[in-house]
Peer 1: 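Please find one structure pasted underneath; my questions will follow.
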Protein chains: 2
Amino acid sequence: MATIYSSQPDVGAAMPDRRAARRQETIDEALDHAVAIMTEHGVGALTVSEMARRMGIRAPSLYKYFPSLRGVYDALFARGLRSQQRAVRAAIEESERGATRIRIGARAVVAWSVANPALAQLLFWRPVPGFEPSPEVFHHSVTEMVEVQAELAEAVQRGELAARAADDDAVRLYTIVLSGVISQQMANQPGATYDTGVFTRLTDDAIDMFFNHYTPAGADHADLGQ
Amino acid sequence: MATIYSSQPDVGAAMPDRRAARRQETIDEALDHAVAIMTEHGVGALTVSEMARRMGIRAPSLYKYFPSLRGVYDALFARGLRSQQRAVRAAIEESERGATRIRIGARAVVAWSVANPALAQLLFWRPVPGFEPSPEVFHHSVTEMVEVQAELAEAVQRGELAARAADDDAVRLYTIVLSGVISQQMANQPGATYDTGVFTRLTDDAIDMFFNHYTPAGADHADLGQ
DNA sequence: GTCTATATGTTGATAGAC
DNA sequence: GTCTATCAACATATAGAC
């Protein structure tokens, strides 16, 4: 297998990999600029022309990397999902399972969202007329919700939450709470960080509210997984 | 004072009122088309040209009624606020005060939002690059929150909710819950009605969750204001 | 208050040379 | 894989005739 560490990079079988890597670098750079544009001027203000302008190339050249503007949005949606997933996984990595992990994961999602408002809007809202993520990209998004449900089931098993918390509706209520925090923060105080945002500061409060709603019978109001 | 019921409508002092009324009708018709365009193609897809096209006039003519495209958005924001307020006031009109009124108002906000998705997106999100409502329009939006806070204080007074429910943070948590329900519904199942939406169906559940979070000391988990 | 005409700018996308 | 050239369309907004 050819390696990108080859000492003779321009020869023979090493080429295709090098080409592919270079190509991927260009794509990544293009997406970096796309995120910057959306952050500065709004998610709906992205244009192929502006991306090309910032890269110092002509617009037609970008069509070698993306089939269309929608293709760019789709790549951005996928990148957003991956980035968010990485952030969450890094946060929960060594945490205890169950309620604790749910809380830490929730904090991570909110923190990632305010740190990446452009991508977050693309994931949580539908701000671009006519754009919907392609099925294969959207599939990852569904996968993520399955993991949340599994963790809720674990919390039930541990006696931290009532049995109802393993239902589909509980997952929905969880997403309602998180997307509420994120939406209100992005819409009403866009510049703030996780610590300074008047809505993001309520993340733990919101999670408490969610957990209390599923307090197991006989248990007291415990502040789970603090 | 001249009346629009004047039997001699084209004479003298009656004219300015008739002119003003006719002008307002044209503006309203223009905004109707604007809402239709946003509903069909997304909030960000509104153009002066398309509005004119649907009205059967030329684009320049519309500039006699609106100073710019942003002016149209501002008028739409104001219309959305008024419409939502009317819906809520009609719903709570004869209800008991306190927790009951909060619950009924919340249902009304969610129902109005899924029935008016375009205007709701304009109010709850910031989907249009560079558009922010003008200060005087936005002021009404703040007024509304003050009313929510007053009703929460009333619920505290009645012993329905704990004292903390009168804090600023409680109002924020309330808006988090509502905007969460609305955001998730609009983003993930846009076509649904209040009754068929998998998220809007959880409105009462979400309000229960909110109320339980502020259960007064000594009180049991009551389903307030059902 | 409507129109035509126009200035001025933008975009997404393709064809084809190099 | 980059470019030039170009298409076809669309936009916001203004000037000025009627």
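Values below: every heavy atom of this structure, side chains too, minus hydrogens, waters and symmetry copies. Within every chain, numbering begins at 1; the chains are lettered A, B, ... in the order of the sequence lines, protein sequences first and strands thereafter.
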Peer 1: Is the closest side-chain donor-acceptor distance between B:S183 and A:S183 under 3.5 Å?
Peer 2: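 Result is yes, a qualifying pair exists.
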Peer 1: Determine which pairs satisfy ring-ring contact (aromatic ring centres under 6.0 Å, His included) with at least one residue from residues 29-64 of chain A, sequence neighbours left out, and list them in order.
Peer 2: none
Peer 1: Check DNA chain D against residues 63-71 of chain B and give the residues with a non-hydrogen atom under 4.0 Å, in numerical order.
Peer 2: B:Y63, B:S68, B:L69
Peer 1: Considering only heavy atoms of chain B and a distance under 4.0 Å, specify the first and last nucleotide of DNA chain C in 5' to 3' order that meet this criterion.
Peer 2: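 The contact span of chain B on DNA chain C goes from C:dG1 to C:dA5.
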Peer 1: Classify the side-chain pair B:T193/B:T196 by whether it contains a donor and acceptor separated by less than 3.5 Å.
Peer 2: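 Yes, because at least one side-chain N or O of B:T193 sits under 3.5 Å from a partner of the opposite role on B:T196.
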Peer 1: Does either side chain, that of B:D167 or that of B:Q149, offer a donor lying less than 3.5 Å from an acceptor on the other one?
Peer 2: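 Note: B:D167 and B:Q149 side chains miss the donor-acceptor criterion.
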Peer 1: Who pairs with A:R103 by side-chain hydrogen bond (donor to acceptor under 3.5 Å, both in side chains), at least two apart in sequence or on another chain?
Peer 2: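 Only A:D204, A:D208 meet the side-chain hydrogen bond (donor to acceptor under 3.5 Å, both in side chains) criterion with A:R103.
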Peer 1: I'd like to check the ring-ring contact (aromatic ring centres under 6.0 Å, His included) partners of A:W125; sequence neighbours left out, ordered by chain and number.
Peer 2: B:W125
Peer 1: Would you name the heavy atoms of A:A118 and A:T39 that are closest together and state the gap between them?
Peer 2: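 Between these two residues, the closest heavy atoms are CB-OG1, 3.7 Å.
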Peer 1: Could you check which residues of residues 40-54 of chain A get a heavy atom under 4.0 Å from DNA chain D? Sort them by number, please.
Peer 2: none
Peer 1: How about B:N116 and B:Q84: does a side-chain donor come under 3.5 Å of a side-chain acceptor?
Peer 2: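 There is no such pair between these side chains.
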Peer 1: Write down the atom of A:S141, the atom of A:L81, and the distance for their closest heavy-atom approach.
Peer 2: N-CD1, 3.6 Å
Peer 1: Please find the pair of heavy atoms, one from B:Q189 and one from B:G197, that lie closest to each other, and give the distance.
Peer 2: OE1-CA, 3.3 Å
